[in-house]
There are 2 protein chains.
Amino acid sequence: MAEAATTVPVGKGGRTAARIRDVALEMFSRLGFERVMMAGIAAGAGVSQATLHYHFQDKAQLWRAAMLHLSALISAEERRLEATADLSSVAQLREAMRLFLRISWKHPALGRIIALEGMAGGERLAWLDSHLTGPRNRRLVAIVRAAIAAGELKPFPAEQLVITLQAAGVGVINLAPMIQQSFGIDPASPEARQAHETMILDALLGGLMIQPEQT
Amino acid sequence: MAEAATTVPVGKGGRTAARIRDVALEMFSRLGFERVMMAGIAAGAGVSQATLHYHFQDKAQLWRAAMLHLSALISAEERRLEATADLSSVAQLREAMRLFLRISWKHPALGRIIALEGMAGGERLAWLDSHLTGPRNRRLVAIVRAAIAAGELKPFPAEQLVITLQAAGVGVINLAPMIQQSFGIDPASPEARQAHETMILDALLGGLMIQPEQT
DNA sequence: CGAATTCCTGACTTAGAAATCAGAAATGAC
DNA sequence: GTCATTTCTGATTTCTAAGTCAGGAATTCG
């Protein structure tokens, strides 16, 4: 068996494994674990189903490999936040949210996975919490608490606020199929993304701040 | 076979069918269609698996019956909105959102179903759009457009705004398992619900309004 | 009560998806 | 080029969950 969770593909096998993993990430995040079929991933990656079992023992391992890859992608992006440590708490929150939005557009699997497994509970959620979502959630809560303590943010329960902001942020990204169905439009155009960022960061976050900016 | 989609159970069979349907709604909405097993619903309802097939032909029919029941529950609640027709657009939006939040706490299946099927697309989403979510989405968009035209709301894309508000509203409800996992708290206490309503209706919606209320 | 109907079940069949495996094909080191 | 190794596949098996069915139990209505 080849290396499974590596991020940088090497050699023929590595490239194949990476392709499988990418297809799996897309499918798992859109559909959830059980409605994805190994045959579908194999077809999407252009290999036989047995090849999936060659590179990854079973479906659960493949799922974890895909999630670890996603985690690595996200972590790489979040390095940028280290530069914001000396800003005010509310500015840190704003930058963290801005980055979260950009990551979510770039890697829509993130928000979908959070929604899918965050609702269902169970062992996959526990795994995700320790590897992907828990640390960020708790970091954001700490920032929110500091912002509230500094009188910059209205004193809502920090956990609620963090989850709500994230849910609001990924709403139109996750629900693109529903938006297509209900309204016949695609919410991913550049203008729509810009309006979205403004809406979340200025309007919604503004509404949470103690001294909201006027229009 | 007994009547399947009736809301008011009648007779022994009707009660059993209603129990099955309620268990199915809870499970389907939390886990999605395919991770729910007929055996699990049967166990939850305290009947044999064959009884499910007696009252509902197959799994897809049971799913639709559960969703129709949910739809009836929601429709009954939304009757209350008829009284708000003479308010300003933004006040109508606020009342609609307040009701949406109350319904979502009372029937958490609604938001979960929207999230699950709204991400996945496919025929179940099409079915839901015509029976459950589409009309409300389009009604809300019309209200938002009117509010923007009246200069009461900031001019964000109406569809985006509606979806985002709903996503923000149900975030902490849907993601209760993740909140439990990440923070060890339950977001459904009465105080938490009150704070939640205030956060959504005053802070977030306030941030979207042209003349936000000050704290 | 008693018979007709409705309701429910255990045992079984079927379908479909995951996992395995022996061997073929491709790759790469020499 | 050739041989060892890695990578991949078609065919098959195993497993799981949906769905069927004949008949027994409960209910209802005369």
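All values below were derived from every heavy atom in this structure, side-chain atoms included, with hydrogens, water molecules and symmetry-related copies excluded. Residue numbers begin at 1 in each chain, while the letters A, B, ... track the order of the sequences.
- Taking every heavy atom of residues 25-40 of chain B and every atom of DNA chain C, no pair lies under 4.0 Å.
- Taking CD from A:Glu117 and CG from A:Leu128, the interatomic distance works out to 6.0 Å, rounded to the nearest 0.5 Å.
- Rounded to whole Å, atom C1' of D:dA18 lies 11 Å from atom CD1 of B:Ile41.
- Side-chain nitrogen and oxygen atoms of A:Thr16 include at least one within less than 4.0 Å of the OP1 or OP2 phosphate oxygen of D:dC8.
- Protein atom OH of B:Tyr54 is 13 Å distant from nucleotide atom P of C:dT5, rounded to whole Å.
- The nearest whole Å value for the distance from the CZ atom in A:Arg19 to the C1' atom in D:dC8 is 11 Å.
- Salt-bridge annotation for B:Arg124 and B:Glu34: present, with a side-chain N of the basic residue lying under 4.0 Å from a carboxylate O of the acidic one.
- Straight-line distance from the CG atom of A:Asp58 to the C1' atom of C:dA17: 14 Å, rounded to whole Å.
- If you take CD on B:Gln181 and CG on A:Leu125, they are separated by 4.5 Å, rounding to the nearest 0.5 Å.
- Going from atom NE2 of A:His55 over to atom C1' of C:dT20 covers 16 Å, rounded to whole Å.
- Using the six-membered ring where Trp is involved, A:Phe33 and A:Trp63 have ring planes that are perpendicular, over 60° apart on the 30 and 60° scheme.
- Between D:dT9 and A:Ser48, a contact under 4.0 Å exists linking OP1 or OP2 to a side-chain N or O.
- B:Gln49 places its CD atom 20 Å from the P atom of C:dC7, with the value rounded to the nearest Å.
- Ring orientation note: the planes of A:Trp105 and A:His196 are nearly perpendicular, at an angle over 60° on the 30°/60° scale.
- For the pair B:Leu52 CG and D:dC21 C1', the interatomic distance rounds to 16 Å; values are reported in whole Å.
- The distance from atom CH2 of B:Trp63 to atom P of D:dA18 is 16 Å, rounded to the nearest whole Å.
- With respect to A:Arg112 and A:Glu26, a salt bridge is recorded, a charged nitrogen being found less than 4.0 Å from a carboxylate O.
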